[in-house]
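A note on names: the letters A, B, ... follow the listed sequences, proteins ahead of strands, and every chain is numbered from 1.
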Protein chains: 2
Amino acid sequence: MVVLRVIGDGPQPQLRDFMSVEDKQKPQRNDRVTIRTVASHAGVSVAAVSKVMRNAYGVSEALRAKVTDAIETLGYRPSRAARGLRGRSFTIGVLLIDIRNPFLPEVIAGVNGVLAPSHYQAMIGVSDARVQLETSLIESMIDYKMDGLILVAPRLPSDIIAKFAVQIPIVTVGYHDAGATAFDTVNADDQRGAEIAVEALLACGYRDIEMLSLGEREGHAVSVVRQREIGFRRAMQRGGLGAAPIGKIPIASPRREDAMRKFLARKDRPRAVFCWSDLDAITLLSLAMEMGVRVPEDLAVVGYDNSSTAALGLVNLASIDQSGRELGQIATRALISRIEGRTASEHILQVPSLVSRNSLTRFKDTKHDG
Amino acid sequence: MVVLRVIGDGPQPQLRDFMSVEDKQKPQRNDRVTIRTVASHAGVSVAAVSKVMRNAYGVSEALRAKVTDAIETLGYRPSRAARGLRGRSFTIGVLLIDIRNPFLPEVIAGVNGVLAPSHYQAMIGVSDARVQLETSLIESMIDYKMDGLILVAPRLPSDIIAKFAVQIPIVTVGYHDAGATAFDTVNADDQRGAEIAVEALLACGYRDIEMLSLGEREGHAVSVVRQREIGFRRAMQRGGLGAAPIGKIPIASPRREDAMRKFLARKDRPRAVFCWSDLDAITLLSLAMEMGVRVPEDLAVVGYDNSSTAALGLVNLASIDQSGRELGQIATRALISRIEGRTASEHILQVPSLVSRNSLTRFKDTKHDG
DNA sequence: CGTTATATGGAGAACGTTCTACATTTCATC
DNA sequence: GATGAAATGTAGAACGTTCTCCATATAACG
């Protein structure tokens with residue numbers, strides 16, 4: 001019985017009440033190979049098989065061979081759920097906010113690369129940037145008996161993360177709290193990254209430089225946005241340019257482009273801009289083209305993230321590369337280390353680098369008044 | 001004890017033998033509220049609390065109130081791992097191949113949107129497009145006792161998916177096997193999408209049209225690539241243009257751009273091209289710009305996916321929109337329906353639409369020889 | 001061979017929940 | 001009040017694995 005439906009429009013099938021699980025329970029899968037099957041096949045006890053699986057002390061080579069042979073013959077795979085109930089589930093949870101963050105594919109690739117040779121598996125949960133949703137997702141991961149969590153650019157306050165870290169090992173990526181004692185942080189040095197951007201602009205001869213940052217909701221010093229602002233100010237001061245003007249792009253979507261258009265339309269628009277993230281920098285480039293602002297002749301632009309879109313010939317955005325892949329790798333190793341018992345916190349900063357492209361070339365004094 | 005490390009380069013901490021879990025086991029968390037705590041607090045049995053949690057038959061309002069009150073007072077959250085061992089874990093696994101697929105953020109948003117009001121949680125696993133890795137990830141999800149799986153653009157043969165579908169409810173997205181009886185398929189009508197692209201090109205006056213598709217590894221009729229080719233051929237024939245030339249972009253990365261450059265450099269290059277996916281269409285636009293091929297004057301381009309990058313002013317790619325969000329929603333509802341007991345398979349096709357942009361405008365006979 | 005130390009494998013309970021069977025209570029009818 | 005049907009709440013076992021304790025076997029030494 002096959003149903004083929006074509007949907008152009010029309011009503012969607014109604015989703016029934018989720019809580020009514022009375023009518024049909026999980027069908028019984030009676031053919032699963034369990035630890036009992038293996039023990040029986042190998043002629044040993046269940047506890048012996050478990051000892052072999054856990055690489056526990058007190059297993060002879062003869063027993064190990066018998067059990068391993070039975071496992072291979074039967075194709076036994078332990079239930080992660082059952083394992084997690086008493087021991088380890090060999091699962092690492094990764095929490096992502098905003099799956100479109102250009103950073104993320106690389107981080108995930110880094111995580112998966114480190115875990116690939118192991119028995120660990122990464123499971124990803126995607127949340128919106130709301131404290132309640134993030135909290136709920138972390139709780140679900142704990143309820144799942146995952147062995148540890150990597151939180152990527154979490155928006156939660158430090159004290160809430162610390163409360164969770166009492167329950168489960170946690171490593172954060174893209175979260176600057178070097179004072180945290182209950183969890184680890186792994187970051188690109190976002191201050192240094194912004195400094196590098198400014199230094200590159202200065203080296204190309206620009207002096208009239210501003211930063212475009214993100215609006216007020218990202219108020220905490222732990223956020224990458226604030227860190228990049230700090231670095232921007234420091235590099236501007238160090239470059240002898242006392243003033244360090246920072247414009248804010250509102251978080252609310254319909255007004256972001258308005259703010260960028262206003263920036264581009266300014267009579268006193270600077271000659272160079274460091275934008276806090278590629279996502280916004282690329283939008284800025286698009287609007288600049290639309291409004292007849294030439295990049296880099298009228299406005300040099302440096303972004304942050306070195307996203308794959310930035311590298312497109314059509315976009316050609318100079319950008320700070322924070323190597324998400326390496327951050328993912330480092331975070332994963334740190335988490336495994338925590339799972340294995342380390343309690344002293346570690347805070348790791350990786351130095352970013354600039355990838356230069358056509359949005360940033362040598363400054364030319366090509367005044368275009370009006 | 002805080003450790004702060006800055007990494008520019010240098011050796012990474014060595015990852016210890018994962019199988020040696022002897023030295024340190026999961027720290028005991030003795031303060032977790034369990035079903036026993038709730039039962040004790042409410043003065044009822046464990047089974048009573050379980051019945052309330054499962055919304056099972058045979059629960060009085062008085063008992064329900066007592067238990068619900070205790071649950072709220074204690075902040076009880078059931079262990080998903082323990083639940084999955086006998087009943088449902090209320091978890092849906094989503095398997096993604098290639099996290100950069102422009103389709104995916106929308107699909108995930110659709111899935112999460114449907115699940116948000118429920119007790120279900122989506123957990124995502126990311127795999128490379130290799131049968132062994134995909135298989136291993138699906139097995140892990142089964143071992144985790146997830147209630148069902150959504151496979152997004154899987155590369156596995158149908159019979160392997162069917163074998164898994166005996167063990168766990170499965171819905172596929174972006175996988176055209178309308179004959180499958182063991183699992184559901186939810187797709188954009190990729191044939192129709194390609195037809196729409198060709199029809200739009202014809203309507204704009206183009207007659208010299210080719211398709212750029214993906215190379216031979218995507219050989220199965222279930223793949224979206226083949227489906228788009230079928231639609232292309234049909235629409236070309238229907239438009240009275242018998243020949244339906246389809247060029248192939250190799251899968252291997254360094255040679256993809258070579259193939260596109262060769263296409264762009266052809267003396268007999270067509271006046272319009274339908275590209276199988278935005279990812280390659282956007283690269284084609286970049287190379288066209290670099291090689292002085294004007295879009296759309298020399299070459300009109302239509303992509304597929306309506307990715308967010310296609311919408312950028314800098315890119316401005318006309319593209320077929322398959323509404324990943326809706327596909328995610330439909331797939332999720334279908335999966336819940338399967339989890340609740342439906343065994344008859346369903347195959348759902350959603351009609352895509354064209355989003356027109358500057359890469360596709362009215363054909364003008366502006367011959368530029370040489 | 002006897003003694004001591006160490007290694008090994010298994011019994012039984014734990015982990016946190018769901019499921020089944022059924023004793024008891026409640027409700028409706030005469 | 002008696003009878004029968006339906007509703008209710010609980011006891012005990014199951015789910016699949018890990019952990020702890022300890023009886024026994026093995027190895028080393030005098």
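- Non-hydrogen atoms lying under 4.0 Å from DNA chain D are contributed by B/Leu63, all within residues 62-77 of chain B.
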Report, one pair per line, the protein and nucleotides 4-7 of chain C atoms (nitrogen or oxygen only) whose separation is under 3.5 Å.
{"residue": "C/dA7", "atom": "OP1", "partner": "A/Tyr57", "partner atom": "OH", "Å": "3.4"}
{"residue": "C/dA7", "atom": "OP2", "partner": "A/Tyr57", "partner atom": "OH", "Å": "2.5"}
{"residue": "C/dA7", "atom": "O5'", "partner": "A/Tyr57", "partner atom": "OH", "Å": "3.0"}

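- Applying the salt bridge (charged side-chain N to carboxylate O under 4.0 Å, His left out) test to pairs two or more places apart or on separate chains, those with a residue in residues 72-81 of chain B are A/Glu139-B/Arg77, A/Asp143-B/Arg77.
- Summary of helix geometry: the two end axes of the helix from C/dC1-D/dG30 to C/dC30-D/dG1, each defined by five base pairs via their C1' atoms, are inclined to each other by 30° (rounded to 10°).
- Qualifying side-chain hydrogen bond (donor to acceptor under 3.5 Å, both in side chains) partners for B/Thr34, counting only residues two or more places apart in sequence or in other chains: B/Thr37.
- At C/dT17, none of the side-chain N or O atoms of B/Arg83 fall inside 4.0 Å of OP1 or OP2 (strictly under the cut-off).
- The side chain of A/Ser60 places an N or O atom within less than 4.0 Å of a non-bridging phosphate oxygen (OP1 or OP2) of C/dG9.
- Residues satisfying the side-chain hydrogen bond (donor to acceptor under 3.5 Å, both in side chains) criterion with A/Gln121, sequence neighbours excluded, are B/Ser140.
- Scanning for ring-ring contact (aromatic ring centres under 6.0 Å, His included) contacts around A/Tyr144 gives B/Tyr144, with sequence neighbours left out.
- Checked against side-chain hydrogen bond (donor to acceptor under 3.5 Å, both in side chains), A/Arg338 has the following partners two or more places apart in sequence or in another chain: A/Asp184.
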Expected rows: protein N/O vs nucleotides 22-25 of chain D N/O, under 3.5 Å:
none

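- OP1 or OP2 of C/dC19 has not a single side-chain nitrogen or oxygen of B/Arg86 nearer than 4.0 Å.
- For C/dT17, neither phosphate oxygen OP1 nor OP2 lies less than 4.0 angstrom from any side-chain nitrogen or oxygen of B/Arg36.
- Contact annotation: B/Ser79 does not reach the phosphate of C/dG16 (side-chain N/O to OP1 or OP2, under 4.0 Å).
- Applying the side-chain hydrogen bond (donor to acceptor under 3.5 Å, both in side chains) test to A/Ser50 and every residue at least two apart in sequence or in another chain returns A/Arg54.
- Take B/Ala39 and apply the side chain to side chain contact (heavy atoms under 4.5 Å, CB included) test, not counting sequence neighbours, and it matches B/Val46, B/Val49.
- Remark: A/Leu104 pairs with A/Leu96, A/Asn101, A/Val152 by the side chain to side chain contact (heavy atoms under 4.5 Å, CB included) rule, at least two apart or across chains.
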